Amino acid sequence: MAERQCDVIVIGAGTAGLHAYKTATARGADTIVVERGPGGSTCTRVGCMPSKLLIAAARAARHCAEAGRFGVEAAPVSVDAAALWARVRRERDRFDAAIRDEYHAIPDDHRIHGSARFAGPDSVMVGENRIVPRQGIIIATGARPLVPETLEPVRDLVHTHETIFELDHLPQAMAVLGAGPVGLELAQAFARLGVAVTLFDPGDTVAGLADPATNAAAIAALGHEVTLRLGVEAEATRATDGRALLSWEGGSITVDLILAATGRPPELTALDLKASGLELDDHGTPVFDPESRRCGDSAIFIAGDANAWRPVLHEAARGGRIAATVATGGDAPRPLPAFAITFTEPNLTEIGTAFADLPDDARIGCAKVADNGRATADGVAQGLVRLYADRDGVLLGASIAAPEGEHLGHLVALAVDQGMDAARFADQPWYHPTVEELLQMAARDIVGSEQVLV
Ligand SMILES: Cc1cc2nc3c(=O)[nH]c(=O)nc-3n(C[C@H](O)[C@H](O)[C@H](O)COP(=O)(O)OP(=O)(O)OC[C@H]3O[C@@H](n4cnc5c(N)ncnc54)[C@H](O)[C@@H]3O)c2cc1C
Ligand SMILES: NC(=O)c1ccc[n+]([C@@H]2O[C@H](COP(=O)([O-])OP(=O)(O)OC[C@H]3O[C@@H](n4cnc5c(N)ncnc54)[C@H](O)[C@@H]3O)[C@@H](O)[C@H]2O)c1
C-alpha cells in the first residue's frame, strides 16, 4: 500500500470539486482531486444545459403553435426529432468539452482516477493507495437520480435525466413522475414538442413552491399544457401491447416512456462514511454548517449536491470555493439568499425566506401577472408575484410564477442581499412596459402607494 501526503483532498471533480480544487490551489495548498467518472459536471453533461437546450427547441415550437393568436399563421408545427436531438447533443457536447478541459488541465500528479472512500477521519483510500491530507478533505460527490422500485415491471421503458437526452425520437405519450424542477421542465418541453404528457406526484406542490398562492397560480398555468395529476400515486404495470400502463384510483393511461424525476439523493454510498466518524442525519448525510460547509468540528467539508442543501449550480460552485477557503485557513463569506428557478413558462422562482418560515407579522405584497401591460401584450399574462417583507418593510424574499420570472428573481435576490426595504425597492427606475413592473406593484402593495409616489 502506497501512502501520499498533500494539503487538501477533493473527492469528485464536478462543479463543486473543480471550484474547490482551483481555490485551494490558488491559496497555495498542495491539492489532489479524486474522480471516478469522466470529470466535468452533471450540469453540462446531463443537467442544466441539455435540459435548457431541449426547452429552447420546445419554446420555438410553442411560438409557432401560438402564432395564430397574433394573426400570424405558422401552424401546423412539424418537429424533426432527429435534427432536434442532434442540436441538443451537439451544443451539450460543446459545453461539456469546455468543462472537461478544465478537469484535464489539472496536472497528472494532482489528479487521481478512482473511487474514493474514507480510511478514517483523516485519510482517504483510492484503490490500495492511502492519501493523508494535512489541512482538509472536501466531499464533492454530487447526487444521483432515484428510480422508484414500483417502476421495476416496466424498467426498460424508464428514463432518468441521465438517459433521456440520448433519445433519437419523440414518444407519442409519456408519463413524468415527480413535479420537482426536473420533472416540470421536461414535462412542459416534451408537451410543447407534441408529446401527450401526464405528470404524477403524490404531493400537491409544483417545483417545491412553498407559497400556496403562487403554487396554485403555477398549477393553473402549467395545467394548460401538461396533464397534472397531483396528490396521485400511480402504479406501473406492463400493458398488453408492451407499453407501460399507469393506473391510479379513478383512472389509467398507457404510455411509451416514463421519466423518473423523483429526486436526487446525495451520492455518498461509496465513501464508507462510517469510517469518517462524522455525525450523519436521518438520510445518512453528514451534518454540516451551511456557512462554512464544515462537518461538525472536523477537517472534513461537504459541498454541492452531495450535501443536499440548495442543490443548484451556483451554490455548488460557491460551496466548493467556500470549503476550500475555510479548509486552508480562510473565512467563510456572507451567506447568500436562497434562490431557485424552475425554467418552465411561466418561470417559477423563490428567493430568500420561504413562506413557511416568514415571521407572523410579515407583510406580503401581491401583483397579478394579468394586470401587467407587457405580459398582456405578449400573450403570456398568467401567474402571480408575492413579495415578502418584515414588519418594518425590509425585504425578506419572494415567490414568483411569472413570465421572465428568472429576471425578476435576480432583482429580488439583489435587493434582499442589500437589505433594501420595500419603499426603496418600489422607488427605482422601473421602465414601462416591462414585466419588472410587477415587482414595483408588489412592493407598493406592501408599503401603500402614497408613501412611494413622490
Ligand atoms: C436535469 C437537471 C437540470 C438541472 N438544471 C439546473 C439549472 O438549470 N440550474 C441550476 O442551477 N442547477 C441545475 N441543476 C442542478 C445542477 O446540475 C447541480 O446542482 C450541479 O451540477 C451539482 O454539481 P456537483 O459538483 O455537486 O456534482 P456533480 O457535477 O455531479 O459532480 C460530482 C462528481 O463526483 C464524482 N464522484 C462521486 N462519487 C465519487 C467517489 N466516491 N470518488 C470519486 N469521485 C466521485 C462523480 O463522478 C462526479 O463527477 C440541474 C440538475 C439536473 C439533474
Ligand atoms: N432549474 C433548476 O435550477 C433545476 C432544474 C432541475 C433540477 N434542479 C435541481 O435538482 C434537484 C433534483 O430535482 P428533482 O426534480 O429530481 O427532485 P425534487 O426532489 O425537487 O422533486 C422530486 C419530486 O418527485 C416526487 N416524487 C417522489 N416519489 C415519487 C413517485 N414515486 N412518483 C411520483 N412522484 C414522486 C416528490 O414528491 C417531489 O415533488 C432539485 O432540487 C434542483 O435543485 C434544478
Side-chain angles (χ1 to χ4, degrees), residues 9-20 33-52 54-55 99-100 103 112-118 124-126 139-151 160-162 164-165 175-186 199-208 229-236 246 248 258-272 302-317 319-320 339-344 347-349 406:
I9 306 175
V10 179
I11 308 175
T15 301
L18 287 174
H19 279 262
V33 175
V34 184
E35 167 60 52
R36 69 181 182 189
S41 173
T42 287
C43 172
T44 49
R45 195 170 55 247
V46 290
C48 329
M49 299 321 292
S51 59
K52 268 64 250 176
L54 188 70
I55 287 170
I99 189 103
R100 224 114 30 110
Y103 171 57
I112 299 179
H113 184 77
S115 189
R117 65 187 195 281
F118 281 89
V124 159
M125 296 293 292
V126 184
I139 303 171
T141 49
R144 71 196 141 82
L146 199 68
V147 177
E149 278 178 19
T150 51
L151 293 180
T160 68
H161 68 89
E162 289 190 336
I164 194 92
F165 303 111
V176 174
L177 301 196
V182 172
L184 281 180
E185 289 183 356
L186 296 181
L199 183 146
F200 297 90
D201 197 299
D204 54 10
T205 60
V206 292
R229 300 239 172 250
L230 301 178
V232 167
E233 275 184 66
E235 192 194 339
L246 286 158
W248 65 98
I258 298 173
L259 173 68
T262 47
R264 288 182 18 96
E267 177 53 302
L268 303 168
T269 37
L271 288 176
D272 195 3
I302 186 161
D305 286 6
N307 65 30
W309 181 76
R310 299 184 181 176
V312 291
L313 195 276
H314 67 273
E315 289 288 359
F339 186 14
I341 303 169
T342 295
F343 293 96
T344 48
N347 294 158
L348 312 178
T349 175
E406 55 181 294

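Computed from a prediction, not measured in an experiment: that's the story for all the values here. Just follow the structure's listing: the first ligand is 1, and inside any ligand the first atom is 1.
Compare V182, L313, V232 by their heavy atoms: the one nearest to atom 7 (C) of ligand 2 is in V182. Nearest-heavy-atom check against atom 27 (O) of ligand 1 across A143, A340, A306, G142 picks out G142. Closest heavy-atom approach to atom 17 (O) of ligand 2 among the candidates G263, G180, P265: G263. Here atom 47 (O) of ligand 1 lies nearest to E35 when heavy atoms of R264, R36, E35 are compared.
Contact annotation: for C43 versus ligand 1, heavy atoms closer than 4.0 Å belong to both the backbone and the side chain. Neither the backbone nor the side chain of E185 comes within 4.0 Å of ligand 1, counting heavy atoms alone. At a heavy-atom cutoff of 4.0 Å, ligand 1 is contacted by the side chain of S51 but not by its backbone. Using a 4.0 Å cut-off between heavy atoms, A140 contacts ligand 1 through its backbone alone, with no side-chain atom that close. If you look at L271 next to ligand 1, the close heavy atoms, those under 4.0 Å, all belong to the side chain.
In this structure, the protein non-hydrogen atom closest to atom 28 (P) of ligand 1 is T42 OG1, 3.5 Å. With hydrogens left out, the protein atom closest to atom 34 (O) of ligand 1 is G12 CA, 3.3 Å, a heavy atom. In terms of protein heavy-atom proximity, atom 9 (N) of ligand 1 is closest to C48 SG, 4.0 Å. Closest to atom 31 (O) of ligand 1, if we only count protein heavy atoms, is G14 CA, 3.3 Å. Counting protein heavy atoms only, atom 37 (C) of ligand 1 is closest to T141 O, 3.3 Å. Considering only non-hydrogen protein atoms, atom 26 (O) of ligand 1 sits nearest to D305 N, 2.8 Å. The protein heavy atom nearest to atom 41 (N) of ligand 1 is A116 O, 3.3 Å. Nearest protein neighbour of atom 52 (C) of ligand 1, counting heavy atoms only, is G47 CA, 3.6 Å.
Considering both main-chain and side-chain atoms, K52 comes within under 3.5 Å of ligand 1 through a nitrogen or oxygen pair. Any N or O atom pair closer than 3.5 Å counts here, and E267 shares no such pair with ligand 1. Close N/O approach between E185 and ligand 2 is found [any backbone or side-chain N/O within under 3.5 Å]. The shortest N or O to N or O distance between T150 and ligand 2 is not under 3.5 Å. Ligand 2 has an N or O atom lying under 3.5 Å from an N or O atom of P311, backbone or side chain. Checking only distances, P148 never comes within under 3.5 Å of ligand 2, N or O to N or O. In terms of polar-atom proximity, defined here as any N/O pair under 3.5 Å, G203 makes no such contact with ligand 2.
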Apply side chain to side chain contact (heavy atoms under 4.5 Å, CB included) to the pair F165 and L186, showing each step before the final yes or no.
CA-CA 10 Å; F165 303 111; L186 296 181; 4.0 Å; yes
* **Derivation and outcome, side chain to side chain contact (heavy atoms under 4.5 Å, CB included), residues L177 and L259** => CA-CA 6 Å; L177 301 196; L259 173 68; over 6 Å; no
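In this structure, N307 contributes its side chain and I302 its backbone to a donor-acceptor pair below 3.5 Å. Judged by distance alone, with hydrogens and angles left aside, the side-chain atoms of H161 form no donor-acceptor pair with the main-chain N or O of A261 at under 3.5 Å.
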Validation: residues 40-49 side-chain donor-acceptor distances under 3.5 Å, sequence neighbours left out:
{"unit_1": "S41", "atom_1": "OG", "unit_2": "T15", "atom_2": "OG1", "d": "2.8"}
{"unit_1": "S41", "atom_1": "OG", "unit_2": "C43", "atom_2": "N", "d": "2.9"}
{"unit_1": "T44", "atom_1": "OG1", "unit_2": "S41", "atom_2": "O", "d": "3.2"}
{"unit_1": "T44", "atom_1": "OG1", "unit_2": "D96", "atom_2": "OD1", "d": "2.9"}

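Listed by number with element, the atoms of ligand 1 under 4.0 angstrom from any heavy atom of L313 are 10 (C), 11 (O), 12 (N), 19 (O). The distance from ligand 1 to the heavy atoms of V312 drops below 4.0 Å at these ligand atoms: 11 (O), 12 (N), 19 (O). For ligand 2, the atoms closer than 4.0 angstrom to any heavy atom of F343 are 1 (N). The ligand atoms of ligand 2 that sit less than 4.0 angstrom from a heavy atom of I341 are 1 (N), 2 (C), 3 (O). Residue F343 has at least one heavy-atom neighbour below 4.0 Å for each of these atoms of ligand 1: 8 (O). Heavy-atom proximity to I11, at under 4.0 Å, picks out these atoms of ligand 1: 40 (C), 42 (N), 43 (C). Every atom of ligand 2 is numbered from 1 in the order shown, and the set under 4.0 Å from a heavy atom of F200 is 33 (C), 34 (N). Here is the list of ligand 1 atoms found below 4.0 Å of a heavy atom in G304: 26 (O). Residue-ligand proximity, G178 to ligand 2, at heavy-atom distances under 4.0 Å covers atoms 23 (C), 24 (O), 25 (C), 33 (C), 34 (N). If you number the atoms of ligand 1 from 1 as listed, the ones under 4.0 Å from a heavy atom of V34 come out as 43 (C), 44 (N). Ligand 1 places these atoms under 4.0 Å from at least one heavy atom of P311: 15 (C), 19 (O). Interface of S41 with ligand 1, defined as ligand atoms under 4.0 Å from a residue heavy atom, comprises 21 (O), 29 (O).
Between H314 and F339, the two ring planes are tilted [angle within 30° to 60°].
Summarising the geometry, atom CD belonging to E185 is positioned 4.0 Å from atom CD1 belonging to I55; distances are rounded to the nearest 0.5 Å.
Contact annotation: E315 has no heavy atom less than 4.0 Å from any atom of ligand 1. Between A261 and ligand 2 there is a heavy-atom distance shorter than 4.0 Å. Ligand 1 is approached by V46 to a heavy-atom distance shorter than 4.0 Å. Ligand 1 lies less than 4.0 angstrom from a heavy atom belonging to G114.
For D272, the CG atom sits in a packed shell: over 12 heavy atoms of surrounding residues, nucleotides or ligands are nearer than 6.0 Å. For E162, the CD atom is densely surrounded, since the number of other residues' heavy atoms within 6.0 Å is greater than 12.
T269 is linked by a side chain to side chain donor-acceptor pair (under 3.5 Å) to E267, counting only residues two or more places apart in sequence or in another chain.
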